[in-house]
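Down below is the structure, laid out as structure tokens.
Scope of the values below: all heavy atoms of this structure, side chains included, with no hydrogens, waters or symmetry mates. Counting starts at 1 for both ligands and their atoms, in listed order. Bear in mind that the values here come from a model prediction, so they are computed numbers and not experimental data.
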Amino acid sequence: MSDKKIDLTPLKKAGVPIFFIVGGPGSGKGTQCEKIVAKYGLSHLSSGDLLRAEVKSGSSRGAELTKIMEAGQLVPLTVVLDLIKEAMLKEVAKGSKGFLIDGYPREVAQGDQFEAEIMPAKLAVYFEVSEDTLVKRLLKRAETSGRADDNMDTIKKRLKTFNEATAPVVAHYEKKGKLARIKAEGTVDEIFAEVVKHLDKAIKA
Ligand SMILES: Nc1ncnc2c1ncn2[C@H]1C[C@H](O)[C@@H](COP(=O)(O)OP(=O)(O)O)O1
Ligand SMILES: [Mg+2]
């Protein structure tokens, strides 16, 4: 995966807007992205979904990735970035209007590498939710998601990883003036109304 060079020319030429979607596990990234896709027709790429698909494909990295994800840790940067690049190229070939990169960057270095190799993001959208709410939502999701990481033990580890590695991402984009901080404790529609305000402004700019 990471040993083959990926030609990013078509992606760079397309020059479509890119939005990072950031927030703790269970903050509603996937839920809001679905609504954004319906309204704006952007391509939604969830780094977690890409990794889970890689695991399912039975590739040689699958078993290793499973171990890392079940420990609630972060997968190596180049692995995730390559998966994202390949998925973005596929979408560009289909005429993508822009991207929601959901669950990424998980750490500051991931964002910097993405922007250096691909293109700067327009905005990082951050869903701010208390830990209590995150845990409640994840335990509820666990009833139906079938996800190996939706259990109390892994949830605790994911929250720790989020607080240590991902919280600095928020500060990083805030400093650059590229953060949309959205209080995301309300209903799905209330939160979406806030999302729309930020996206409309960013897409016009
Ligand atoms: N505003 C909201 N209020 C209540 N529950 C919400 C919510 N937004 C999402 N949920 C639910 C849906 C899921 O079962 C769970 C986690 O949402 P998700 O979209 O899968 O989060 P993420 O992709 O950030 O991990 O919480
Ligand atoms: Mg998600």
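Sorted by chain then number, the residues whose non-hydrogen atoms approach ligand 1 to under 4.0 Å are G24, P25, G26, S27, G28, K29, G30, T31, R137, R141, G186, T187, V188, I191.
For residues 32-45, the pairs satisfying side-chain hydrogen bond (donor to acceptor under 3.5 Å, both in side chains) are K35-D189, Y40-D200, S43-E91, S43-S96, H44-D102, with sequence neighbours left out. The stretch residues 40-53 participates, sequence neighbours left out, in these salt bridge (charged side-chain N to carboxylate O under 4.0 Å, His left out) pairs: D49-R52.
Of all the heavy atoms in L45 and I84, the pair that sits closest is CD1-O, 4.2 Å.
K56 contributes no side-chain N or O that, together with a main-chain N or O of L51, makes up a donor-acceptor pair within less than 3.5 Å. A donor-acceptor pair under 3.5 Å is formed between the side chain of T166 and the backbone N or O of R106.
Not a single salt bridge (charged side-chain N to carboxylate O under 4.0 Å, His left out) links E185 to another residue, sequence neighbours left out.
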